[in-house]
Amino acid sequence: MKEKLKNLIELQRVESETATIKSKLNSVAHTLEGLDASVFDSVKELQEIQIRLDELQKQYRRHESDILMNQSRVKKSREKLGYVKNNKEYQSILKEIEDMQLKNSLVEDEMLSFLEQIETIEQSIDTKKSEIEKIKDQVDIEKKTIQQDMIQNQQRLARLESDADKISRQVEPELLRKYKLVKDQTRGIAIAAVNNAVCQGCHLNIPSQMYDKLQRSETLTMCPHCQRIIYWAEII
Ligand SMILES: [Zn+2]
């Protein structure tokens with residue numbers, strides 16, 4: 001029975017490592033998605049800043065053309081002054097010119113404020129761009145490491161699966177069936193050592209009348225509490 005138990009213990013070790021590696025491999029796609037998302041988010045932020053910059057630049061150009069238009073109207077009005085004979089009309093054209101000049105100086109003030117905002121946004125675009133480059137470099141390094149790990153894990157998985165096959169073939173079918181049944185019922189750990197009279201599967205004490213049976217290891221013994229296959233740690 002000792003040899004049979006040793007096979008089961010080894011099978012359990014191989015199967016538990018297989019499960020660990022499979023869960024690592026399953027998380028790879030998720031990790032890669034997370035890395036891509038960090039780049040995507042930064043690029044999106046950059047695009048939003050650029051949209052804001054475009055909008056400001058458009059407003060700036062609109063103001064610029066408003067000023068040009070006003071200046072040509074001022075020029076025309078000034079020309080008109082030369083032909084006007086009536087004082088009332090003369091005063092009204094002067095007022096018109098004054099209003100247009102006042103309007104222009106207000107628009108110019110606004111343009112200055114736009115220029116300041118444009119400068120600030122251009123600086124934040126530069127900062128964002130270098131931040132994205134750094135993130136991309138970091139992501140590339142992390143992706144390479146993940147891919148190398150993945151290849152190693154896939155190779156390890158293939159070896160473990162073939163080991164599990166080999167060991168399973170050495171175990172009697174009836175014992176293997178029993179092991180699998182317990183494994184399903186106990187969510188993974190089917191065979192547990194008894195250390196200092198304590199089952200390592202459920203951490204409860206094994207009744208003393210079972211010590212002798214366990215130490216002789218002639219028959220398959222189950223823990224009376226958790227129903228796992230148990231063995232006396234010192235003899236295996
Ligand atoms: Zn137990």
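As the structure lists them, so they are numbered: ligands from 1, and atoms in each ligand from 1. A quick note: this is a predicted structure, and the numbers were derived from the prediction, not measured.
Looking at Tyr60 and Gln117, their side chains never bring a donor and an acceptor atom within 3.5 Å of each other.
Seen from the Zn ion (ligand 1), atom SG of Cys226 and atom SG of Cys202 lie 110° apart in angle, a value rounded to 10°.
The Zn ion (ligand 1) has no N, O or S atom of His203 inside 2.8 Å of it. Taking 2.8 Å as the criterion, Cys199 counts as a coordinating residue of the Zn ion (ligand 1), since one of its N, O or S atoms falls below it.
Contact between Asp36 and Lys143 at its shortest, heavy atoms only, is OD1-NZ, 2.7 Å.
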### Message
Using side chain to side chain contact (heavy atoms under 4.5 Å, CB included), reason through Gln185 and Lys180 one step at a time and then give a plain yes or no.
### Response
CA-CA 9 Å; Gln185 284 164 348; Lys180 284 185 175 158; over 6 Å; no

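Between Trp232 and Tyr211, the ring planes lie tilted relative to each other; the angle falls in the 30° to 60° range.
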